[in-house]
Structures are given as C-alpha cells and as structure tokens.
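Structure first, commentary second.
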Protein chains: 2
Amino acid sequence: MGRYTTIKDIAKLAGVSHTTVYRALNDKPRISQSTKERIISIAREVNYQPNVLAQSLVLGRTKTLGLVITTIINPFYPELAKGIEDTARSLGYNIILCCTDFDISRESRYIDMLRSRGVDGIIFTSAHTHDPNITRLVKDHFPLILVNRRVYGDPMMDSIDYVVVENAKGGFLAVEHLIKMGHKRIGVISGSPDSSAVVERLEGARKAFIEYGLNSANLLVLEGDFLKRSGYEAARRFLAMADPPSAIFGVNDYMALGAFEAVLDSGLRVPEDIALIGFNNITFSAMKGIELTTIGQKKYEMGSIAVHTLIDKIEGRDREKVKQIALEPELIVRRSCGYHYKGVYRSPSGGPLNIRNLR
Amino acid sequence: MGRYTTIKDIAKLAGVSHTTVYRALNDKPRISQSTKERIISIAREVNYQPNVLAQSLVLGRTKTLGLVITTIINPFYPELAKGIEDTARSLGYNIILCCTDFDISRESRYIDMLRSRGVDGIIFTSAHTHDPNITRLVKDHFPLILVNRRVYGDPMMDSIDYVVVENAKGGFLAVEHLIKMGHKRIGVISGSPDSSAVVERLEGARKAFIEYGLNSANLLVLEGDFLKRSGYEAARRFLAMADPPSAIFGVNDYMALGAFEAVLDSGLRVPEDIALIGFNNITFSAMKGIELTTIGQKKYEMGSIAVHTLIDKIEGRDREKVKQIALEPELIVRRSCGYHYKGVYRSPSGGPLNIRNLR
DNA sequence: TTAGATTGAGTTAACGTTAACGCAAAGGGC
DNA sequence: GCCCTTTGCGTTAACGTTAACTCAATCTAA
C-alpha cells in the first residue's frame, strides 16, 4: 500500500519520458550509457519494483500457475507440492493453491477464477477420469498438465500431458508381494473409481491375482475416500466379515494407515494377524512403530517434472509434442507384511507366523 | 489462451459501448432493463469472464493473499494451510503459496514478488523474531498478519496483528505434565531461537521447572530445525549422554516423532524407558502405534482467524484496532508419557514402571 | 558534401477494466 | 409550457506497463 513507485514517477524524477526509464531498466537499446546509469541509480534509491499486474496485462502472461489438488490434508500432496513449488520458483513462476475438497463444481469455479486471473497454466492432481472441466480447457488449448491422474473419454484427451507413476504396475507389485507372502484372500481399500490412479492400481491388483492363478472372488474391494478415516472404516468392515481377508492393500498410504489403526483397535496385530500394504510411501509410513510396506513413487520428482513440462509448453518449447510420462513404482518392504527369512515366512518378531486366515 | 472475450467484444456484438456492457454486467444504474438483459444473455452465450488482472490494475486490489511458510513438508503447515485456504476462498480471495525453506533472503525475494504482484496482504508463519522483511512491510503499512509467531524489536512491532497459541502456557503444560509423571531431568528438543514460538515454549518449560522447585540445570536443551530428522538426531544425542534425561519434550510434534524413532532405534521403549511429549498435535501423533502425548492447538481455526483478521484490515474494517489473538493450548494425554492409575505411575502396558532415569 | 544509417530520445497507443463526465431525450411538477 | 430531474446511453481517461512509431541530431561512407 501507500502507492507504488512507478516508471512514470522515476521519469519525473529523472526528467525524462517513461519510455526512457523503461529502456534503462530493461536493458533496451537506444539509450545513452549516462542516462541509463542515472535512471538505474534513481530506481534503486526509490526501491522501484515493477508492477507485475500491468506487465501481465500487456504481455498476456502472468508467470503464475494454478495448482489444483483435492485437499492439502492428504499427506501425499505436500510432498508433491514441494516439488512443484520449488521448481516453479526456480523458473520464476508463482503458485496459486486451489483445494477442491473433491467437489467438481468447486473445481470448476476455481478454474474460472484461475483463468480470470490469467494464470499461464494449471496443474491438476485431483480425481475424476471424466472431467468436463478438463475437457473444456483442452478444447480451449489452455496449457495444463495432469499429475498422478489421467482422463479418459474424448479422443482429444489423448493429447493431454501427464506425469504419473505406473499405477497398474504398482498395484501389481503390491498384491504380488502379498501373494508371495502367502496371502490368498486380500482386501483392497479403494478410492473413488473416478480416479484413474485407483482404477489402474486395482487393475494391477487383479492382474496379479490372475497371474498367480488365484480366484478373483478373493480380491475384496471396499471404497474409501482417500482419507485416513475411510481407511479405518473400510478395515473395520473387512475385519468384521465372516471370512475376512488376511491382508489389506490400501490404494494410498493415508487410508492404509487408517486401516493400521483399525487393526490395532480390533486387538489384532500388523502383520502377525493381518498384513498391510499401502501406496505412495508418504513420510509417516516409514515411522518406527508403523513401518508400512508400500509402493514408493517419486513424488517430488513428479511435481518437478510436471512443472518443467508445463512451463516448456507455456513458453513455446515442444509445443507439438505430447508428453506423457510414467515413472517407475518401487516396492518398499518394511514391516507391515512380515517377511521371508531363509525361505520361511516369519512374523517380524521372529516368532512363528500367526496370520489367522493365511491358508 | 485463444484470447479472452472482453467487455469490448460483447459491446461490439450488442452494438453498444463497452461502458454499457460494464453497467449491464455489474448491476450499475443508468441502463434500461431491456438492453441489460440482452447484454447479459450475450455475455452468458460467449461465456464471458472478467479479466481480473485489468480489474486489479484499476481497482488497486487483487483479492489475493500471500502465504509465507517455511516448508509445506512440515505437517503442521498443511493443517494450518487448510484453514487458511478454506477461509480465503469463502471470502473470495486466492492464496499464493511461498515456501522460504528457512531462508530469510528467499523470504525477502518472495515478499518483493508478492508486492510486485499486488497481493492485498501477506500471512507469515515462518521463523525469525527479528525479521527485517517484516519491519519494512510494517513501515510501509502493508497489511500482514503473523500466525504462530511474533516479532520483537521495534516498538512499532507492537502494532502487528497476530494469531498464536499461548506458547509459554503450552510449554508449561508440557513440562508440568512430565514433572507430574515423576520426571526430574528433561531433554528439550528446541528449534531455532529465532522463532518466537520456540522461545516462548522454552520459557514455559523453564517456568514449570521453577514452579515445581526443580533445578533448571536438569532442563537440557538441544536445538533442532523443526524437521523430523533433527528430532531424531537430538534424541540420539540425549540418549548418548552419561546422565540422559528420562523424558524428552519436542517443541514440535514433527521433531518429537523423530525422537520417537530414535528411542526405538536405540532399543528403548516409549514411554517405558523414556517419556516423550510434543507440541502441535499433528494428525499422525494420534496414530495407534505412536500415540504421542502433546500440546494441542487449533490449527485450522488459527488459519481461519488469521485470514478473517487480515481481510478485515484489507477491506478497511477495524483499521485502527490491533488484533493480537492468543488461543488456548491443550494438553492431550496419550500414551507416550505413560499415565497415572490410582495414584501410581504406570507404564501403559499396565506393568510396573521401568524408566531408567526416573528417580 | 551529402545520402543514409545510427543514436537518443519522445509520443502515442495498447492491454481490459472502472469510473468520471457529458449530453440528448424523456419524464415530472407547477 | 417551462424548468428541472432522471434515464439511457456514449466519450474519455485512468491504472502501469510494453512497444511501435516518430524525429531530430549525429555519425559514416562514398
């Protein structure tokens, strides 16, 4: 506040036209060295900062990106957001944070707002494989990139850039690990099937069941909402079944950790009584006392790659190329599924295995 | 992209002047009902969205706030940020996310950027009690609010709005709890003394020692950096002492959880061998398997109150009043300090207490 | 010497809004 | 019927940049 110093103020001080000031401050030709220096020193004196709004208006770009996520409360996003923010900053871009809370109409309003504000591009991470908001943006050739999700539907959608982890492969690895640990009946805590990540992880899970000759009827799926509480509730429901699964795969760690609590609250142990595997490898999964086995993905890198790709598009590099990047998932074995030792499956305490439903 | 529909485009379509369009779309008087309706329907047809940049330029406000935090990786901030984002959105404001990574010069550059971008106000959460950046902003009467921190120094600083928790009281409660549990030698994992929250929490801790007649020499302080890893390392150093403390107070949960891991990695148990208390009550502290006793504070509310107060100032309400709000901390007893049962201190397993250094 | 290029500026318009002002036509009160 | 107000517009300028265009003075090359 208190009004800014403008180029015109400096012009007045220096007794020149505002264009001359502009030339001085932006290293443009057609100005003598002496006036240039004089102007620059005046600008420094009054601590001149250009008005980015005015610049944006005339240049038609804001050096700002929108980041659309569901909720920052899900620990997956801060880790992703760090990669995004770091990279954006290093490239001179700012981030406007938008949390949709899983509400597609709120997403829609956010998009309108972001476009009104002239953001140069949008990073989408939230759910919804068939997102009309995205469709519209693509039709308008608005620069965007999807992270950790894909959209289906229009053939046009095939040209959308994205950065994901090989979700199907990750789902496969998770369930394969459980199968190798001897589990034959597995509960999956899924998220909304609107999320491509969920669909693909489930797909991978099923593929593992088939590949290992198991009956898919023993792959039990309950739907959560990606948040911890829903993982808790789903796990309770699994445990209350007449023939409960001996292992649970949470399609994200946050729900898996909810399940972890549910198991303990039920007086059971992880992994002695029930095995647990997650997806994402959020920081807290590694905690002693939890040690969730999970599928790791490079969240920071994903964010960083997304920003680079998006900004490349915005600044006109590789305009034509469609960038669809799938990173490798990685099985991270910790404690929550037990482990093999000398060919024998053991509970982590080293004692004999004690999984009720392990047949 | 693909260029926006502007007010002038609509004017052309409707065969009127752009001012008339403006009047129609903004419910201004001096326009007939019929043209108004005609224009509105055209605007709807072409999906007109006003250019916020242009609006901001002429109105001198952007309906945007800067949110300056250290790093979104610290789980305290997402919870706070949620309150901030929710509230800002509901009041029609956007948030630009700025992570300083504890670097005051990066903070400085961010502030310049935010001001260049004409944000209407800034929310500060990062460290540094004597922050020259803040001093400058206050001198310029730039709207700002501090969350979870205060600044000292200038007498001018007394007029800065802030929302905090009663940190001294929280620190007192934490250490008092440990003392009541029988601990007489306590390690504190502190953060940078540049953080007012840290200073005040330590102050509270010392007050408890004094009030309970303990020797302050038994209040051991090691400095961390607010992140988990540093909590881990500090705890290792405590445990390696010739006469280690029997309890550790982490000035934030994130470091306390690092300490938790360090204790377990050292082959000791929490709380049987060593008690642990944190501060902030982040989501994961409540997890089964961790159950960190901690000082709770209303993070979401803090963010929400901050945004309300800041926007009140921005929009000219209560301009003169200084709003300095301190919320009540709350002791949240879980498992990590053990508990009293029938007047006898017991380890959570219910067996006899086994704290090595409890005298 | 002189046409042509170069230098060092200034003038003007544009970006898309908001808003002050102007002005003719219609309406209203006496 | 006259004056004054109101209505329904249009014109113009402003916000702070960027940038195209203009123009005189100086320099340069034949």
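What's counted below: heavy atoms across the whole structure, side chains too, no hydrogens, waters or symmetry copies. Because the structure is predicted, anything quoted here is derived from the model rather than measured. Chain letters run A, B, ... following the sequence lines, proteins first, then strands; residues in each count from 1.
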Listed by chain and number, what are the side chain to side chain contact (heavy atoms under 4.5 Å, CB included) partners of [X], not counting sequence neighbours?
| X | answer |
| --- | --- |
| B/Glu301 | B/Lys298 |
| A/His308 | A/Thr87, A/Leu91, A/Ser304 |
| B/Thr19 | B/Ser17, B/Arg23 |
| B/Ser56 | A/Leu53, B/Val52, B/Thr62 |

Handout entry: Closest listed nucleotide, where the reference is the side chain of A/Leu59 and the choices are D/dA19, D/dT17, C/dT17
Key =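 Looking only at side-chain atoms, A/Leu59 lies closest to D/dA19.
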Exercise for the section: Check every atom of C/dT17, D/dT18, D/dC9 against the side chain of B/Ile31 and return the nucleotide holding the closest atom. Expected result: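 Closest nucleotide among those given: D/dC9.
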In this structure, how many angstroms lie between the [atom2] atom of [N] and the [atom1] atom of [X], rounded?
| X | N | atom1 | atom2 | result |
| --- | --- | --- | --- | --- |
| A/Ile10 | D/dT17 | CD1 | P | 8 Å |
| B/Lys8 | C/dA13 | NZ | C1' | 11 Å |
| A/Gln33 | C/dA9 | CD | P | 11 Å |
| A/Lys12 | C/dG10 | NZ | C1' | 16 Å |

Handout entry: Contacting residues from residues 17-27 of chain B, given that a heavy atom lies under 4.0 angstrom of DNA chain D
Key =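 Within this stretch, B/Ser17, B/His18, B/Thr19, B/Thr20, B/Arg23 sit under 4.0 Å of the strand.
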Handout entry: DNA chain D contacts among residues 51-58 of chain B, heavy-atom distance under 4.0 Å
Key = B/Leu57, B/Val58
Quick one: list whatever passes side-chain hydrogen bond (donor to acceptor under 3.5 Å, both in side chains) with [X], sequence neighbours left out.
| X | answer |
| --- | --- |
| B/Arg38 | none |
| A/Thr135 | none |
| B/Thr35 | B/Ser32 |

Practice task
Would you indicate, yes or no, if C/dG16 has its OP1 or OP2 atom less than 4.0 angstrom from a side-chain nitrogen or oxygen of B/Tyr48?
Solution key: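 B/Tyr48 to C/dG16 OP1/OP2: no side-chain N or O under 4.0 Å.
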Handout entry: Sequence neighbours excluded - salt bridge (charged side-chain N to carboxylate O under 4.0 Å, His left out) pairs with any residue from residues 65-83 of chain B
Key = A/Asp101-B/Lys82, B/Glu79-B/Lys299, B/Lys82-B/Asp86
Problem - Contact residues, residues 34-44 of chain B to DNA chain C [heavy atom, < 4.0 Å] - result: none
Exercise for the section: Spell out, as yes or no, whether a donor-acceptor pair under 3.5 Å connects the side chain of A/Ser108 to the backbone of A/Ile104. Expected result: no
Problem - side chain to side chain contact (heavy atoms under 4.5 Å, CB included) partner of A/Leu67, the single match among A/Val307, A/Val147, A/Val119, A/Ile95 - result: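 Testing each of A/Val307, A/Val147, A/Val119, A/Ile95 against A/Leu67, the sole residue satisfying side chain to side chain contact (heavy atoms under 4.5 Å, CB included) is A/Ile95.
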Practice task
Write out all pairs satisfying side chain to side chain donor-acceptor pair (under 3.5 Å) with one or both partners inside residues 43-53 of chain B, taking only residues at least two apart or from two chains.
Solution key: none
